[in-house]
K.L.:
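Sharing a structure, written as structure tokens. Questions coming.
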2 protein chains.
Amino acid sequence: MNTSQFSTKERILGAAETLFARHGFAGASLRQVTSAAKVNLAAVNYHFGSKDNLIEEVFRRRLDELNGRRVAALKGAGEDASLDALLGAYIRPALELSLDTDGGSAFVRVLARAYAEHNERLRKFLSDNYGHVLRLFAAQFAKQLPHLSKEELYWRLDIVSGALTYAMADFGVIQRRAQDSEAQHRALAAEHLIHFAAAGLRAP
Amino acid sequence: MNTSQFSTKERILGAAETLFARHGFAGASLRQVTSAAKVNLAAVNYHFGSKDNLIEEVFRRRLDELNGRRVAALKGAGEDASLDALLGAYIRPALELSLDTDGGSAFVRVLARAYAEHNERLRKFLSDNYGHVLRLFAAQFAKQLPHLSKEELYWRLDIVSGALTYAMADFGVIQRRAQDSEAQHRALAAEHLIHFAAAGLRAP
DNA sequence: GGCGATATCAAACGATCGTTTGAAGCATAG
DNA sequence: CTATGCTTCAAACGATCGTTTGATATCGCC
């Protein structure tokens, strides 16, 4: 019988997300995770098999949602969406995730750590599961930026992805204004990013 | 008597840099580091006091050089340097560091990890020691971009920093062309970044 | 040559790591 | 009711962690 409204698996995933964001994959131990989740130490290996599998599940849970929203936003923007609309469809779901009060803001930092890890297994996992979304967007960007070669376009989208990862994880040095909430600060970051990226993509 | 041309301290710093880049600060053990450096395990605590101090020294060694070059490039560009020249003065020293065959390419990944760590001690260390360089550049950018408010300018420079960190650490999905060397690939990334960032900064 | 300082060494410290084990708890189906 | 299949539990596994110790080696200097 669970004393919480969440299942053991869900509690582990939530705690792992928070602790991976804070201390990294190697830095957060299963003892910390299970203790924060208020479950037995052995529960991780019982439900997920290993720490590595747990890490992968932390990604899957959020990225399915994130990329689903991106694709939905892309379709919602129509066949001839403007550059700003395309950027919004890509960036705003990430922003919304980062504003999720229930772990999403931790997850965007986990995602940034994953990039820093440069881990081949994770890269393959991300590419296999979500590469098609990137290609979907690239095709639409190409229509709005016909003066760019495919190669040039990919370089620029790569730059946008980097800036987005960095911005959502709040790595920057910009101090939040006192009158802004954390959510407003992130929203501001996203709007600046969209504006900046639109100009960068349009460059000759 | 050292069998190598490098001192024990230097060998430790070099090995630590490589292994921190590959496995992270928590993920790389002192046993791995001292083994790769071909020194005794106790040497780290003898020469640096602790693992945390070693991490800080890894940063200091490279960042003194990097930011020195940036300031020199800024001065070399003259008082009324163009936007592209300013961006070049900021970005190219980072590129050159990433091309350094003797650990520099590892270090840019260590730097990216440091951002992902979100570690307060490291952030303070970086801000204390190198914040003045950022302000120096900001002042010059402001002269070239008089239409931007100070706040707006800082947002955009923050975006550039994020994209730069991401690009130098080679986090992106862009595949290196077969005919390009690793160095050429990085150089290409830097040029794309300068071009993109210049347009983004100039946006209304 | 001998002496103090500096450096390196093998070995061990207690703590913590991911994982495994086997028993106990608990729901549901027969 | 008992039997069955999940799930949870405390405890322990061997391995590895950062750090410390005290002996040994190596150096510059009088």
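Keep in mind that the numbers below use all heavy atoms, side chains included, and drop hydrogens, waters and symmetry copies. Being a predicted model, the structure only gives us computed values, none of them experimental. Here is how names work: the chains are called A, B, and so on, in the same order as the sequence lines, proteins then strands, and each is numbered from 1.
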K.L.:
Please report the end-to-end axis angle for the helix from C/dG1-D/dC30 to C/dG30-D/dC1, five pairs per end, rounded to 10 degrees.
P.N.:
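Overall, the helix from C/dG1-D/dC30 to C/dG30-D/dC1 bends by 10° from one end axis to the other.
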
K.L.:
Tell me which residues in residues 42-54 of chain B put a heavy atom below 4.0 Å from DNA chain D, sorted by number, or none.
P.N.:
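Contacting residues: B/Ala42, B/Asn45, B/Ser50, B/Lys51.
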
K.L.:
To the nearest Å, how far apart are B/Asn40 CG and D/dA23 C1'?
P.N.:
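Going from B/Asn40 (CG) to D/dA23 (C1'), I get 13 Å.
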
K.L.:
Using residues 26-34 of chain B as the side-chain source, report each donor-acceptor pair under 3.5 Å to any protein atom, sequence neighbours left out, with the distance given to one decimal.
P.N.:
unit_1, atom_1, unit_2, atom_2, d
B/Ser29, OG, B/Arg31, N, 3.4
B/Ser29, OG, B/Gln32, N, 3.1
B/Gln32, OE1, B/Ser29, N, 3.0
B/Thr34, OG1, B/Leu30, O, 2.7
B/Thr34, OG1, B/Arg31, O, 3.3

K.L.:
Mind checking salt bridge (charged side-chain N to carboxylate O under 4.0 Å, His left out) for A/Lys75 and listing every partner two or more places apart, or none if nothing turns up?
P.N.:
none

K.L.:
Once side chain to side chain donor-acceptor pair (under 3.5 Å) is applied, do any residues pair with B/Arg186, and if so which ones, sequence neighbours excluded?
P.N.:
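Partners of B/Arg186 under the side chain to side chain donor-acceptor pair (under 3.5 Å) test: B/Ser98, B/Glu182.
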
K.L.:
Taking only heavy atoms on the protein side, list every residue of residues 20-32 of chain B lying under 4.0 Å from any atom of DNA chain D, sorted numerically.
P.N.:
B/Ala28, B/Ser29, B/Leu30, B/Arg31

K.L.:
Just to verify, what does B/Phe59 make a ring pair (Phe, Tyr, Trp, His ring centres under 6.0 Å) with, not counting sequence neighbours?
P.N.:
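Only B/Phe107 meet the ring pair (Phe, Tyr, Trp, His ring centres under 6.0 Å) criterion with B/Phe59.
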
K.L.:
Sorted by first residue and then second, give each side-chain hydrogen bond (donor to acceptor under 3.5 Å, both in side chains) pair with at least one member in residues 81-91 of chain B; sequence neighbours left out.
P.N.:
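Residue pairs passing side-chain hydrogen bond (donor to acceptor under 3.5 Å, both in side chains), neighbours aside: B/Asp84-B/Arg202.
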
K.L.:
Mind calculating the distance between CG (B/Leu41) and P (D/dG18) to the nearest angstrom?
P.N.:
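Rounded to whole Å, this separation is 9 Å.
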
K.L.:
Identify, with sequence neighbours excluded, every residue that meets salt bridge (charged side-chain N to carboxylate O under 4.0 Å, His left out) alongside A/Asp128.
P.N.:
A/Lys124

K.L.:
List the residues meeting side chain to side chain donor-acceptor pair (under 3.5 Å) with B/Glu96, not counting sequence neighbours, and say none if there are none.
P.N.:
B/Arg69

K.L.:
Tell me whether the OP1 or OP2 atom of C/dT8 has a side-chain N or O from B/Thr8 closer than 4.0 Å.
P.N.:
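So the side-chain polar atoms of B/Thr8 do come within 4.0 Å of the phosphate oxygens OP1 or OP2 of C/dT8, strictly under.
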
K.L.:
Does A/Lys9 make a cation-pi contact with A/Phe48, if we ask for NZ or CZ under 6.0 Å from the ring centre and within 45° of the axis?
P.N.:
yes

K.L.:
List the residues meeting ring pair (Phe, Tyr, Trp, His ring centres under 6.0 Å) with A/His195, not counting sequence neighbours, and say none if there are none.
P.N.:
none

K.L.:
According to side chain to side chain donor-acceptor pair (under 3.5 Å), who are the partners of A/Asp64, at least two apart in sequence or on a separate chain?
P.N.:
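A/Asp64: side chain to side chain donor-acceptor pair (under 3.5 Å) contacts with A/Tyr130.
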
